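The next block holds one structure in the form of structure tokens; read it before the comments.
Values in this document were obtained by computation on a predicted structure and should not be read as measured data. The chains referred to below are lettered A, B, ... by the order of the sequence lines, with proteins before strands, and numbering in each begins at 1. These numbers come from the heavy atoms of this one structure, side chains and all, not from hydrogens, waters or symmetry mates.
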Protein chains: 4
Amino acid sequence: MSMGILDRMTGRPRDPAVDEAIRAAALELTQEQGYRGLSMEGIAARSGVAKQTVYRRYRSKGEVVLDALVGFAFTQLPDPDTGSLRGDLTALLTATFRAGRGVAGDLNRALAVEALQDDEFAARLWHKLIAVRREAVAELLRRGRERGEVTHPDEEFLIDLVYGPYWYRLLFGPAVLTDARAQQLAEAVCRAAA
Amino acid sequence: MSMGILDRMTGRPRDPAVDEAIRAAALELTQEQGYRGLSMEGIAARSGVAKQTVYRRYRSKGEVVLDALVGFAFTQLPDPDTGSLRGDLTALLTATFRAGRGVAGDLNRALAVEALQDDEFAARLWHKLIAVRREAVAELLRRGRERGEVTHPDEEFLIDLVYGPYWYRLLFGPAVLTDARAQQLAEAVCRAAA
Amino acid sequence: MSMGILDRMTGRPRDPAVDEAIRAAALELTQEQGYRGLSMEGIAARSGVAKQTVYRRYRSKGEVVLDALVGFAFTQLPDPDTGSLRGDLTALLTATFRAGRGVAGDLNRALAVEALQDDEFAARLWHKLIAVRREAVAELLRRGRERGEVTHPDEEFLIDLVYGPYWYRLLFGPAVLTDARAQQLAEAVCRAAA
Amino acid sequence: MSMGILDRMTGRPRDPAVDEAIRAAALELTQEQGYRGLSMEGIAARSGVAKQTVYRRYRSKGEVVLDALVGFAFTQLPDPDTGSLRGDLTALLTATFRAGRGVAGDLNRALAVEALQDDEFAARLWHKLIAVRREAVAELLRRGRERGEVTHPDEEFLIDLVYGPYWYRLLFGPAVLTDARAQQLAEAVCRAAA
DNA sequence: TCGTAAGCGAGACGGTACGTCACGTCTTAAT
DNA sequence: ATTAAGACGTGACGTACCGTCTCGCTTACGA
């Protein structure tokens with residue numbers, strides 16, 4: 001959220017309303033005009049905030065979008081416990097795909113653009129978002145492993161298998177992030193994991 | 001390559017050396033400075049060509065990169081026929097991953113950036129590059145289907161499964177496009193396809 | 001005028017209408033809001049020209065003002081030949097003071113601001129404006145020397161005596177650049193020169 | 001110095017060390033980077049003082065510089081009484097020119113910049129600095145008038161003649177504020193005054 | 001052979017956004 | 001009330017590219 005590593009306790013405190021306005025503006029603009037139409041200048045203008053005030057908090061528009069996305073409710077991944085790996089994965093992937101069809105899809109695309117061009121940002125993105133999502137799958141897999149549903153030794157690989165098609169389709173033609181696809185994918189991962 | 005629908009037959013013909021210089025400049029700059037450092041302005045400067053001359057051939061830097069990449073040797077996908085789906089997929093994925101570790105990876109990233117921001121370009125990219133690669137896998141799957149190795153009805157889904165992890169890793173941390181991973185993936189796809 | 005040392009002969013030629021618009025905008029803005037209210041940004045906006053287009057011609061607003069002033073008619077100093085040093089000086093100083101009471105005074109003040117803060121600019125100002133004005137006085141003094149009206153050996157000093165009070169009053173309280181003062185000054189210089 | 005018209009007597013008293021630090025910082029920065037590099041922001045930073053603390057005392061950087069300069073020893077003009085106008089003027093001008101060659105020159109230039117852009121400040125500068133200096137000359141002239149050395153009726157004009165060349169040279173090329181020049185000038189003023 | 005039609009290098013031009021700097025005001029907690 | 005610290009709206013800075021344009025020059029082909 002705030003860029004400071006340690007919270008300062010001196011000086012005028014940052015206005016939380018400003019934080020909110022910036023995030024809101026970033027979301028609005030991304031939805032209205034796509035990521036191409038998003039700029040630090042535009043965010044500042046829309047949120048009625050000075051450019052410096054945005055730069056004080058974020059290095060780039062990517063950071064703004066990331067922060068805005070992290071604040072989203074549907075980012076809180078469900079941690080379903082249906083009793084079977086397939087059920088768990090289906091639940092998680094369905095939720096993921098559904099989010100991907102909405103605003104979150106646009107935001108994810110925006111983050112991808114930034115990450116592809118900036119390694120530092122890619123690293124931050126990984127820690128703040130990607131790693132969290134991966135951990136959710138890892139947890140499912142651990143439970144599956146206890147039940148004997150998972151024998152494949154390489155957890156990382158399996159997680160790639162879960163999220164790979166999601167991002168692939170986010171990149172090229174968003175038309176297929178359907179619930180049916182989510183189910184197919186869960187099934188496929190189960191087979192691979194066995 | 002040439003943007004004209006119908007070849008004009010009057011006036012001074014385009015200089016092929018210029019085409020070459022532009023592509024070369026795009027490659028060099030992408031490698032040296034990443035996609036962020038790539039600009040139409042820069043391409044023109046580096047190739048010693050007027051800006052207009054670049055615009056006469058390409059709408060955007062994405063198109064330049066796409067054209068440059070298409071001209072690459074390792075873009076010609078192998079069409080292995082090892083006798084088994086697993087063998088075929090392993091061969092194809094190994095080749096793909098290897099390319100992804102080199103320059104082609106940078107170029108693919110560049111194309112992704114452009115595609116994410118421009119739907120028109122995304123469509124062109126799909127037709128010129130993605131569709132071709134997908135067709136290669138489709139062919140393997142057809143052969144596997146004849147042999148009875150493939151029973152899964154949804155070919156499109158399986159192809160997503162093949163390429164999804166590749167792009168996912170191209171986005172986030174390129175460190176894992178190893179030969180071993182290619183093999184793992186081939187194996188997983190086989191299981192899903194069965 | 002144009003910043004280029006040698007005129008290029010390739011590329012699209014600069015639009016003279018743009019030159020004109022920039023100078024006009026600079027003059028208008030200086031008169032309307034004083035030098036403090038003058039900015040490269042404002043000049044560009046007022047003249048309906050892109051900021052880069054201004055920067056392509058001038059390094060700073062000082063240069064713009066200088067160029068604008070040099071283009072002025074009343075910059076062409078009179079070279080009076082009244083037959084006496086006192087007559088000549090009176091004519092020249094009266095003209096100078098009169099100009100100083102009008103727009104040229106504001107512009108001169110603007111140039112002083114810039115020169116005081118930038119040695120490089122001060123040098124250019126000297127060559128383009130100050131030196132020219134000094135040469136006019138030098139010519140008068142030479143004629144006076146032939147007539148025996150001038151015996152003082154240090155021409156530079158005498159010129160300082162002519163222009164010093166002018167700039168002093170331009171700096172502090174512009175109320176006294178009267179014709180009477182011009183005459184007094186001419187008289188005083190004559191005495192000093194004798 | 002202190003901006004308050006009436007001294008307040010409640011609350012925490014102002015720290016005199018702060019006053020000193022601000023003036024010192026202003027001097028240092030002016031010498032190091034010229035007036036262009038001087039800013040309220042910079043003064044505060046260099047003096048280790050909050051920005052507000054500077055603004056509480058001074059309206060603008062010009063005021064700071066003025067205050068700093070007024071505090072200088074060599075600002076106390078000598079009131080020589082050599083017995084002749086020429087002697088008096090030579091003494092005063094030599095002192096003035098010498099100071100102009102040092103830090104005081106830079107400070108004077110700085111004040112000129114501010115005064116040229118801000119009429120209110122120009123007025124304050126006149127009262128606090130210029131008028132004082134002019135009065136010193138006026139005193140010399142009065143004495144000269146008693147002795148019969150001065151017959152010229154316009155005292156103001158003569159004072160302009162004394163200080164004009166000084167400021168002129170402060171503006172354009174400081175190389176000539178020599179002792180010899182001071183003497184020449186004193187001589188010329190004497191002749192004009194006679 | 002000569003005109004017409006493009007290609008080409010060069011660079012001007014109106015734009016938009018960048019990221020930074022300083023301004024002058026403000027809000028906080030501590031003194 | 002003063003102080004250090006720093007947030008904040010504002011406005012300008014100087015730069016980078018964008019995509020289009022206008023020059024003068026050069027290559028071709030076809031009449």
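With respect to the salt-bridge test (charged N to carboxylate O, under 4.0 angstrom), the residues C:D19 and C:R14 do not qualify. Classification of B:K61 and B:E114 as a salt-bridged pair fails, no side-chain N sitting under 4.0 Å from a carboxylate O. Under 4.0 Å is where a charged nitrogen must lie from a carboxylate oxygen, and between C:E63 and C:R57 no such pair does. Salt-bridge annotation for B:E32 and B:R46: present, with a side-chain N of the basic residue lying under 4.0 Å from a carboxylate O of the acidic one.
Between F:dT10, E:dC8, E:dT28, one nucleotide has an atom nearer to the side chain of A:P13 than all others, and that is E:dT28. Distances were taken from every side-chain heavy atom of C:T10 (C-beta onward) to each of E:dA10, F:dT3, E:dG19; the shortest belongs to E:dA10. In this structure, of F:dC8, F:dC23, F:dT3, it is F:dT3 that holds the atom nearest to the side chain of D:R57.
Between F:dA1 and D:R14, no contact under 4.0 Å exists linking OP1 or OP2 to a side-chain N or O. A sub-4.0 Å separation between OP1 or OP2 of E:dG7 and a side-chain N or O of B:R56 is present. Distances shorter than 4.0 Å separate none of the side-chain N or O atoms of C:R36 from OP1 or OP2 on E:dC23.
We find that CD of D:Q33 is positioned 13 Å from C1' of E:dC21, with the value rounded to whole Å. Taking atom CD on D:Q117 and atom P on E:dC23, their separation rounds to 12 Å, with Å as the unit. Rounded to whole Å, atom C1' of E:dC8 lies 11 Å from atom CD1 of B:I22. Note: CZ (C:R59) to P (F:dA12) measures 23 Å, nearest angstrom. Across the protein-nucleic acid pair, D:Q52 atom CD and F:dA7 atom C1' stand 13 Å apart, rounded to whole Å. Atom OH of B:Y55 and atom P of E:dA10 are 17 Å apart (whole Å). In this structure, CG of B:D19 is placed 12 Å from C1' of E:dG7, rounded to the nearest angstrom. Remark: P of F:dC13 and NZ of C:K61 are 6 Å apart, rounded to the nearest angstrom.
Take the nearest nucleotide of DNA chain E for C:P16 and for B:D15: the residue whose nucleotide is more 5' is B:D15. Nearer the 5' end of DNA chain E, as judged by each residue's closest nucleotide, is the contact made by C:G11, out of C:G11 and C:T53.
Taking every heavy atom of both residues into account, C:Y58 and C:I22 meet most closely at CE1-CG2, 3.9 Å. When all heavy atoms of A:L116 and B:A112 are compared, the closest pair comes out as CD1-CB, 3.7 Å. Scanning both residues, D:L170 and D:G105, for their nearest heavy atoms gives CD1-CA, 4.2 Å. Across every non-hydrogen atom of A:A21 and A:S47, the tightest pair is O-CB, 3.4 Å.
Side-chain atoms of B:R12 and base atoms of E:dA6 include no donor and acceptor less than 3.5 Å apart. A donor and an acceptor atom never sit less than 3.5 Å apart when one is taken from the side chain of C:K51 and the other from the base of E:dG14.
Counting heavy-atom neighbours within 6.0 Å of D:E120 CD, excluding the residue itself, gives a total of 12 or less.
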Checklist line | Criterion side-chain hydrogen bond (donor to acceptor under 3.5 Å, both in side chains) on D:Y35 and D:D106, from CA distance to verdict | finding: CA-CA 8 Å; D:Y35 191 62; D:D106 289 322; over 6 Å; no
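Overall, the helix from E:dT1-F:dA31 to E:dT31-F:dA1 carries an axis bend of 10° between its ends, with five pairs at each end and the value rounded to 10°.
Applying side-chain contact (heavy atoms from CB on, under 4.5 Å) to A:R23 and the options A:V18, A:L69, A:D67, A:V70 leaves one that passes, A:D67.
Using modelled atom types, no side-chain atom of B:T53 and backbone atom of B:V49 make a donor-acceptor pair closer than 3.5 Å. For A:R109 (side chain) and A:L171 (main-chain N/O), no donor-acceptor pair under 3.5 Å exists by modelled atom type.
Residues of residues 37-49 of chain D having a heavy atom closer than 4.0 Å to DNA chain E, listed by number: D:S39, D:M40, D:E41. Within residues 24-31 of chain D, no residue has any heavy atom under 4.0 Å from DNA chain F.
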